[in-house]
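Values below: all heavy atoms of this structure, side chains included; hydrogens, waters and symmetry mates excluded. Throughout, a chain's letter reflects where its sequence line sits, starting with A, and its residues are numbered from 1. Please read these numbers as outputs of a predicted model, since none were measured by experiment.
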Protein chains: 2
Amino acid sequence: MTAALQAGVGVTDRPGNRSRGVSIKDVARAADVSVATVSNALNHPELLSADTHARVMRAVEKLGYVRSESARQLRAGQSRMLGLLALDMRNPFFGGMAHGAEQAARADGLGVMLCDSSQDLAAEEFYLGLFAEQRVRGALVTPTDSSATSLSVLRRHGIPYVFLDRVASGDEACSVSVDDVTGGRLAVGHLLEQGHRDIAYLSGPMSLPQCRDRRTGALQACDEAGVDHDTVTVVEAERLDVEAGRDAGSRLLGRSPRPTGVFCANDLIALGVLQTLVAAGVAVPDDIALVGYDDIDFAAAAAVPLTSVRQPAAQMGATATELLVREIAGDEQHVHENVEFAPELVVRRSSITRH
Amino acid sequence: MTAALQAGVGVTDRPGNRSRGVSIKDVARAADVSVATVSNALNHPELLSADTHARVMRAVEKLGYVRSESARQLRAGQSRMLGLLALDMRNPFFGGMAHGAEQAARADGLGVMLCDSSQDLAAEEFYLGLFAEQRVRGALVTPTDSSATSLSVLRRHGIPYVFLDRVASGDEACSVSVDDVTGGRLAVGHLLEQGHRDIAYLSGPMSLPQCRDRRTGALQACDEAGVDHDTVTVVEAERLDVEAGRDAGSRLLGRSPRPTGVFCANDLIALGVLQTLVAAGVAVPDDIALVGYDDIDFAAAAAVPLTSVRQPAAQMGATATELLVREIAGDEQHVHENVEFAPELVVRRSSITRH
DNA sequence: CAGCGAGATCAAAACGATTCAAATGGGTTA
DNA sequence: TAACCCATTTGAATCGTTTTGATCTCGCTG
């Protein structure tokens, strides 16, 4: 097990060189009381006489004292931070989740440490190690790999965690997710309703359960409509971003017969595909109908407004945080809970066929 | 209260799990050495015999020991974290900056604490306070208010900071910015070149220097083209997001005479405006030409591909981090530096008038 | 006046790591 | 044999806070 943070930056070879800030001792001296009294003034004001309290606060103010979280943490054995590990912060969907989580955490006086694994296992392990070193109070995690062995670091340290945008297997943890199977079914069901029979699913990495579930839903929809599974083209993009979408789009154009109804694993992929199609002179929705996933703000503003499956990103982040906080503060018999939101199809022009 | 919190954690805990994690003492006991030796094994392996080192590492592995960053920090007097405070993480531009900063920091063995002030002063102060409590090694800040008095918390604690996407006034700090005046000039200059004479600037909050500078540049361009200042319509959106853009767009439509060339303070606003215009049946670029700012990924994928002023987001984040690291590790006579990137106009269909 | 409880304050002991000076032990040299 | 050296290892101090019991000072009751 390597330390998450290696020595890198000019480590102080000469301790005592750098000025340590104002400490509780300085405040105590200035207010002419003991350090215990200063601590009480800040944490249990009701124990002090109004006079002493005021005197201490004046000294705090005057010296600009800010308590050291590390010392407080060391004593308390835990921090006031949550860790949030997302797949890709540049995806507005995760940005929205992070935002919701941050708001909810702040309401409980907790900070959030935001990290971006970039769907990279090494980065994921780095950050989970960081969470452990920091002894974060809890973690919100969207794991990269389905096995999620990297979470053992958290378990060993008794750090509770909640899965974000991922269903917990068994009763390992709480989780907040969206029913991706239904989401996929809605998307492809809609394409089928529009009369399309040559369906493609443009997936992200199949190692992600989200991508697998959306495929499952897509195939289910085909079953229900009596369309043969095997006619469904599946293209797997390497990552879930716009660039990978552009790539996947050109691969799609090479296929024959060319699908007429395309369901993309998320909006970034869909927007990338859209760019490729537009550049290639393929008309959307007339030649190819397109459905995305997440309904990020930009879907509605796309070249052709994008039909998408909406997930309540901010609400998911907030709910996950609430579950986590409840687990942290909760009594012994905490039972893991899986909150599942329903996806919602938002139809826009990219999928509406005119006849 | 704290005791209750500690008790709540361990549903999945095996018996024998203590509420506090494995400490260096446990490792020392398991490896039959002193704590000092364990510490050395981890931080100065060259001091130990190969045999002892191996024995200690085996114990570390077996117990799943992860050192407590708070204890280490307390002793060291500073942490291995940088703080990054951005205006809005849901804006892909800031996402890109954060990503660049994170990469650069990780290369130096530093972690980054990402925070989102949501352009809210209270949130900004909360997070800066958090940075101080955490004794972060340094901070990357895009302040909400122009006065930036909230930064005094950092100054008092000798925490170095670098301005991100904001020029430092005087020699207060290093900064990484883009020449927004030039950016504004490029944008509006381009609109004027296309023959537009009724120009509008769709700004975000004027409290943001970015918004003010872009306006300055816009007016400069008018001067140079001999167009009167006063004919420029200025609409101020409350926030810099898509929704605010939609609002601003409908306000714009009410104006008469209606401007034909519109420069938006950022791409989110522009995309919002674009949605409103399209919905209202106003043709872009024929009725109204549109220019955005930031050149986020989605600009190219917009309903009408969006002309935009590109800023190198990731590079800005990385550069800022490098400046900060240099200041942290640097010698006494550190001189603050302002790295200014040049904006670049990327012309797409939204601004090209056909005649 | 002795006794007592309440209110206010404090001294000292943690917490978990790092570091420095000192101790240990084995080998070499004078 | 004594003196010294080098490589290892360690005890103890330290960082800034919170918390726990102890102390001290009142004012009140019996």
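Looking at residues two or more places apart in sequence or on another chain, you find no salt bridge (charged side-chain N to carboxylate O under 4.0 Å, His left out) involving A:Arg106. For A:Tyr161, the ring pair (Phe, Tyr, Trp, His ring centres under 6.0 Å) partners two or more places apart in sequence, or in a different chain, are A:Phe163. Annotation: side chain to side chain contact (heavy atoms under 4.5 Å, CB included) contacts of A:Val325 (sequence neighbours excluded): A:Asp108, A:Leu110, A:Thr321. In terms of the salt bridge (charged side-chain N to carboxylate O under 4.0 Å, His left out) criterion, A:Glu102 has no residue partners (sequence neighbours excluded). With sequence neighbours excluded, no residue forms a salt bridge (charged side-chain N to carboxylate O under 4.0 Å, His left out) with B:Glu125. Residues that satisfy the side chain to side chain contact (heavy atoms under 4.5 Å, CB included) test with B:Lys25, not counting sequence neighbours, are B:Ser23, B:Arg29, B:Val35. Here B:Leu74 pairs with A:Ser70, A:Ala71, A:Leu74 under the side chain to side chain contact (heavy atoms under 4.5 Å, CB included) rule; sequence neighbours left out. For A:Arg80, there are no salt bridge (charged side-chain N to carboxylate O under 4.0 Å, His left out) partners at least two apart in sequence or on another chain.
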Open item on the list: I'd like to know whether A:Arg55 forms a side chain to side chain contact (heavy atoms under 4.5 Å, CB included) with A:Val33, so could you lay out the CA-CA distance, the side-chain angles of the two residues, the decisive distance to 0.1 Å, and finally the verdict.
Closed with: CA-CA 9 Å; A:Arg55 192 150 34 94; A:Val33 293; 3.8 Å; yes

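Of the residues in residues 61-73 of chain A, those placing a heavy atom less than 4.0 Å from an atom of DNA chain D are A:Tyr65, A:Arg67, A:Ser68, A:Ala71, A:Arg72, in numerical order.
Nearest approach of B:Leu63 to B:Ala30, heavy atoms of both residues: CD1-CB, 4.0 Å. A:Gly138 approaches A:Leu324 most closely through the heavy-atom pair C-CD2, 3.7 Å.
A donor-acceptor contact under 3.5 Å is not formed by the side chain of A:Arg75 with the base of D:dT17.
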Give each protein N/O atom lying under 3.5 Å from an N/O atom of nucleotides 23-28 of chain C, with the pair distance.
none

Please list each protein N or O that sits under 3.5 Å from an N or O in nucleotides 8-10 of chain D, with the distance.
unit_1	atom_1	unit_2	atom_2	d
D:dT9	OP1	B:Ser49	OG	3.4
D:dT9	OP1	B:Thr52	OG1	2.5
D:dT9	OP2	B:Ser49	N	3.2
D:dT9	OP2	B:Thr52	OG1	3.2
D:dT10	OP2	B:Ser34	N	3.1
D:dT10	OP2	B:Ser34	OG	3.3
D:dT10	OP2	B:Thr37	OG1	2.6

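Rounded to a whole Å, the CG atom of B:Leu74 is 12 Å from the P atom of C:dT18. Spacing between atom CD of A:Gln78 and atom C1' of D:dT18 amounts to 13 Å, rounded to whole angstrom units. Between B:Gln134 atom CD and D:dC15 atom P the separation is 21 Å, expressed in whole Å. For the pair B:Lys25 NZ and C:dA17 P, the computed distance is 9 Å after rounding to whole Å.
Comparing the axis of the opening five pairs of the helix from C:dC1-D:dG30 to C:dA30-D:dT1 with that of the closing five pairs yields an angle of 70°, rounded to 10°.
The listed nucleotides are C:dT19, D:dT18, D:dC15; the one nearest the side chain of A:Asn43 is D:dT18.
For the pair B:Glu61 and B:Arg58, the salt-bridge criterion is not met [side-chain N within less than 4.0 Å of a carboxylate O]. The pair A:Arg72-B:Glu133 does not count as a salt bridge, with every side-chain nitrogen at least 4.0 angstrom from each carboxylate oxygen.
Contacts of A:Ser23 with the nucleic acid, taken as non-hydrogen atoms under 4.0 Å apart, involve only primed sugar atoms and P, OP1 or OP2.
Taking 4.0 angstrom as the limit, A:His44 places none of its side-chain polar atoms (N or O) nearer than this to OP1 or OP2 of D:dT18.
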